[in-house]
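Everything numeric here is computed off the predicted structure, so don't read it as measured data. Along the sequence shown, residues are numbered consecutively beginning with 1.
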Amino acid sequence: MPHTAPTIALSPDWPCQVKEPGTRDWERTATRWLRDLLPARYAGYSPLTRHHVILARHAQLQLQHEMRAVRVALQTSRAELPTLGVAEAVIENTIRMYATELDQLNRLARGVRLVTDALTGDHPGHRRL
């Protein structure tokens, strides 16, 4: 009888592009998803392509910096955009765009934390492969 990995309940924040931990090729789907979160120029760096824990850590840092940049843009839009001649309607749309992006980045960051925990075996119920 073939050995099957135990099934676990995945968080709603688990990325749909990543297979469940313990299933066939789950680590490959995890590293692909993490790699896609980074700028394309990082694809050639062997520490990121060969060590999924380093890749996960860098994805966390990348998202933290992106969130910081979006927060600054959001907080300064009303003061700075009018001085650049941007119309009020465009400013309001820009603020909504930044708020939406911040929500998306927060969801991605939660997913990265979950995937990182699964890759390192730090999450209860996940086994390290």
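- Within the 4.5 Å cutoff, no side-chain heavy atoms of Thr29 are placed close to those of Gln17.
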Original post:
What's the verdict on side chain to side chain contact (heavy atoms under 4.5 Å, CB included) for Leu81 and Val90, showing C-alpha distance, side-chain angles and the deciding distance?
Top reply: CA-CA 9 Å; Leu81 293 180; Val90 175; over 6 Å; no

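- In plain terms, the two heavy atoms of Leu105 and Glu66 that are nearest each other are CD2-OE1, 3.5 Å.
- In this structure, Pro15 and Val115 approach most closely via the heavy-atom pair CG-CG2, 3.7 Å.
- Considering only heavy atoms from C-beta on, Leu37 stays 4.5 Å or farther from Tyr42 through its side chain.
- Considering CD of Glu101 and CG of Leu74, their distance stands at 11.5 Å, rounded to 0.5 Å.
- The shortest distance between side-chain heavy atoms of Leu10 and Leu114 does not fall below 4.5 Å.
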**OP:** Could you walk me through whether Tyr45 and Leu55 pass side chain to side chain contact (heavy atoms under 4.5 Å, CB included), step by step?
**Re:** CA-CA 10 Å; Tyr45 293 119; Leu55 174 65; over 6 Å; no

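- Annotation: side chain of His52 is not in contact with side chain of Leu34 (no heavy-atom distance under 4.5 Å).
- Once rounded to the nearest 0.5 Å, the distance linking CD of Glu88 with CG of Asn93 reads 10.5 Å.
- A pairwise comparison of heavy atoms in Thr49 and Ala43 identifies CG2-O, 3.1 Å as the closest pair.
- No chain of hydrophobic side-chain contacts below 4.5 Å, direct or via other Ile, Leu, Val, Met, Phe, Trp or Tyr residues, connects Leu38 to Leu61.
- If you take CZ on Arg68 and CG on Leu63, they are separated by 11.5 Å, rounding to the nearest 0.5 Å.
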Original post:
So Glu92 and Arg78, salt bridge (charged side-chain N to carboxylate O under 4.0 Å, His left out) or not? Walk me through it.
Top reply: CA-CA 8 Å; Glu92 292 305 316; Arg78 288 197 199 285; 2.3 Å; yes

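- Side-chain contact check for Thr116 versus Arg57: every heavy-atom pair is 4.5 Å or farther apart.
- Smallest separation of non-hydrogen atoms from Ala109 and Met67: CB-CE, 4.0 Å.
- The side-chain heavy atoms of Arg35 and Leu48, taken from C-beta on, include no pair separated by under 4.5 Å.
- One hydrophobic cluster, built from ILVMFWY side chains closer than 4.5 Å, cannot hold both Ile91 and Val72; they sit in different ones.
- Closest approach of Trp26 to Leu119, counting heavy atoms only: CH2-CD2, 3.6 Å.
- A pairwise comparison of heavy atoms in Ser77 and Ile95 identifies CB-CG1, 3.8 Å as the closest pair.
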